[in-house]
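Naming: A, B, ... by sequence-line order, numbering from 1 per chain. The figures here come from the full heavy-atom set of this structure, side chains too, leaving out hydrogens, waters and symmetry mates.
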Amino acid sequence: MSAAMRDDLPSPGATAGKETDAYNFAYLDEQTKRMIRRAILKAIAIPGYQVPFASREMPMPYGWGTGGVQVTAAVLGPEDVLKVIDQGSDDTTNAVSIRRFFAKTAGVETTTKTRAATVIQTRHRIPEEPLRDGQILVYQVPIPEPLRFLEPRETETRKLHALADYGLMHVKLYEDIARHGHIATTYAYPVEVAGRYVMDPSPTPKFDNPKMDMCAALQLFGAGREKRIYAVPPHTRVRSLDFEDHPFRIQTFKQPCALCGAEGVYLDEVVLDDRGGRMFVCSDTDFCEERRAAGHQGMMVDPGASDPSPEGEGGSRRKARDGWGEARHAARAGKRAAPSDGLRPPPPPYGGGSSDLPSDTAAEKREVVAKDKAGETR
Amino acid sequence: MSIALAPGFTEPVFDAQRVFRALMDATARPATVQPLATDLVPPAPLTPELAAVALALADHEAPLWLDAALAAVPAVAAYLRFHTGARVVETPDEAAFALVAEPDAMPPLGAFAVGTDEYPDRSTTVVMAVRTLAAGRGLACEGPGILDRADIAIAPLPGDFLAQRAANRALFPRGIDCLFVAPGSVAALPRTTQILPEG
């Protein structure tokens, strides 16, 4: 699959920032970058607090990562190496377009390797490989306010944050337990940052929450439509909210990745046919490819095949993960997943531009299915 | 006026980005010394690093405040106004960035904007030019961004800096964020950083 990424790279003669005459470096004008940079510095100084910023209109619809793109544009320099993932994958529509956007407007080097990247923009996953000191993880956030579905008024949620009054959130988690016997929130699971602010980790599966705690990389969050930037500095405590008798637990999967055999990683469901055939594979494509390159094999890889080529797997997988297909899954999943969603009301109508919300329910659906079919335990 | 204006960044886009990244690295890893290279030659007593911070971050939306030493030289304000377009304000609590050339003579931290409980980000960042900025025995710090503990030596500091920082810390989430610049380097003590008592 990584071979297919080559077309993203700038042409060999392109010097960073020199061949991109049509745009200012990284698209944004300098005043906008300064405004975003000031917001980022305050966000780092007040971990978990959502700094309002004058989000600009970007050449892509809200919901496609306009917040993350603006944050990335403001931090990016010509020496940076950029990786973009969408639900863990380097090769889905959103990831490919954003990577191309920066290859074109900033001329920066792009990569699919987690290890090689200095800046990683992500939509709803944290790479499986532990991040290192000096890396920057930029999250695309649809709804930054963790209390928004509990209290719709911004004036009120702002007051609640000011007073550190997070009783509402605990009531929501408690009602999950009262209804389902366990905390049924599976993504966008609220966290407390550095012992003060409660923060939405963006709709990452709760599986990724422990990776945020004491992470060596700087984590920046950008919400374009909602015009908020927030941050978690490196080596900072990030605690998932829970109760003593109902401690926070992540999802586990009974079966390993069908392609690389990895255990203890987050798996995606891939539908193989219209007769119920499906496989579960690493959501982190780079992690999966590296393992296969190192000789690891899952049970869906035919050991008799002359060449267990990741290329072939990638091809079929790309098809299965085709954007339209995913959107259709999401539309169907919406109804099925809703009952397990605890108190969260149905997503508000944000219009056709929002890809975050349907895909969030897709993530939810995957988990529901994973629970049924792959024997997920909570 | 017969002031020959000193030039700003040679490459405004890339120089501003490099300076910002140094400041971001410093803020994300408090009490560590980050390299801050600049070729600016601003009018004294404005140091090249103070000028670099101002040129990278100040503009018409982010006013500057100058300490007595800087305000005494009209060429400093003229240089900053021309290159940033920022207002130079008289009262410290109106400033987004306060530039301080003589930290031992600056007003107390409480004189600057600390933000509000609802909007703690609306606070002043105080940028102090210091002579000594090095890792090692001095202030022992801990807090977000610091693994275990970080030690940094900063001089000169305001007389009762430790007491002022403790009072600043008690305001959290409101508070002042401090940047320290020395020739070729920068370090930060954001409001979250706790300075441990010597012992």
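- Considering only heavy-atom pairs separated by less than 4.5 Å from chain B, the leading option among A:A43, A:A39, A:A194, A:G77 is A:G77.
- Counting heavy atoms from C-beta on, the side chains of A:I136 and B:R21 come closer than 4.5 Å.
- Rounding to the nearest 0.5 Å gives a distance of 5.5 Å between CG of B:D121 and CD1 of A:I46.
- In this structure, the portions of B:S123 lying under 4.5 Å from any heavy atom of chain A include both its backbone and its side chain.
- Within the model, atoms OH of B:Y119 and OH of A:Y49 stand 6.5 Å from one another, a figure rounded to the nearest 0.5 Å.
- B:D59 and A:K33 are not joined by a salt bridge, as no carboxylate oxygen comes within less than 4.0 angstrom of a charged side-chain nitrogen.
- Contacts between A:A74 and chain B at a heavy-atom distance below 4.5 Å involve the backbone alone (N, CA, C, O).
- Between the CZ atom in B:F97 and the CG atom in A:L41 there is a gap of 6.5 Å [rounded to 0.5 Å].
- Nearest heavy atom pair, residue A:R37 against residue B:L57, reads CB-CD2, 3.9 Å.
- Top candidate by heavy-atom pairs under 4.5 Å with chain B, chosen from A:V75, A:T236, A:V193, is A:V75.
- Under 4.0 Å is where a charged nitrogen must lie from a carboxylate oxygen, and between B:R29 and A:D133 at least one such pair does.
- Distance alone, capped at 3.5 Å, places no donor-acceptor pair between the B:E118 side chain and the A:A162 backbone.
- With a 4.5 angstrom heavy-atom cutoff, A:D29 does not touch chain B via any of its atoms.
- Heavy-atom distances place both the backbone and the side chain of B:L147 under 4.5 Å from chain A.
- No other option in A:M35, A:E30, A:R38 has as many heavy-atom pairs under 4.5 Å with chain B as A:R38.
- A salt bridge is defined here as a Lys NZ or Arg NE, NH1 or NH2 lying under 4.0 Å from an Asp or Glu carboxylate O, and A:R158 with B:D117 fails to meet this definition.
- When heavy atoms are compared at a cutoff of 4.5 Å, A:A216 approaches chain B solely by way of its backbone atoms N, CA, C and O.
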Please step through side chain to side chain contact (heavy atoms under 4.5 Å, CB included) for the pair A:K42 and B:R122, ending with a clear verdict.
CA-CA 9 Å; A:K42 285 299 175 194; B:R122 296 178 183 174; over 6 Å; no
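- Proximity to chain A (any heavy atom under 4.5 Å) is shown, for B:A26, by neither the backbone nor the side chain.
- Applying side-chain contact (heavy atoms from CB on, under 4.5 Å) to A:P47 and the options B:P173, B:P190, B:P144 leaves one that passes, B:P144.
- Contacts between B:T193 and chain A at a heavy-atom distance below 4.5 Å are absent for every atom of the residue.
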Please report the C-alpha distance between B:T84 and A:R34 in whole Å, then the side-chain angles of each, then the deciding distance to 0.1 Å, and finally whether the side chain to side chain contact (heavy atoms under 4.5 Å, CB included) criterion is met.
CA-CA 11 Å; B:T84 67; A:R34 272 194 301 273; over 6 Å; no
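- For chain B, the nearby part of A:I40 is the side chain; its heavy atoms alone come within less than 4.5 Å.
- Only the backbone of B:A58 comes within less than 4.5 Å of a heavy atom of chain A; no side-chain atom from C-beta onward does.
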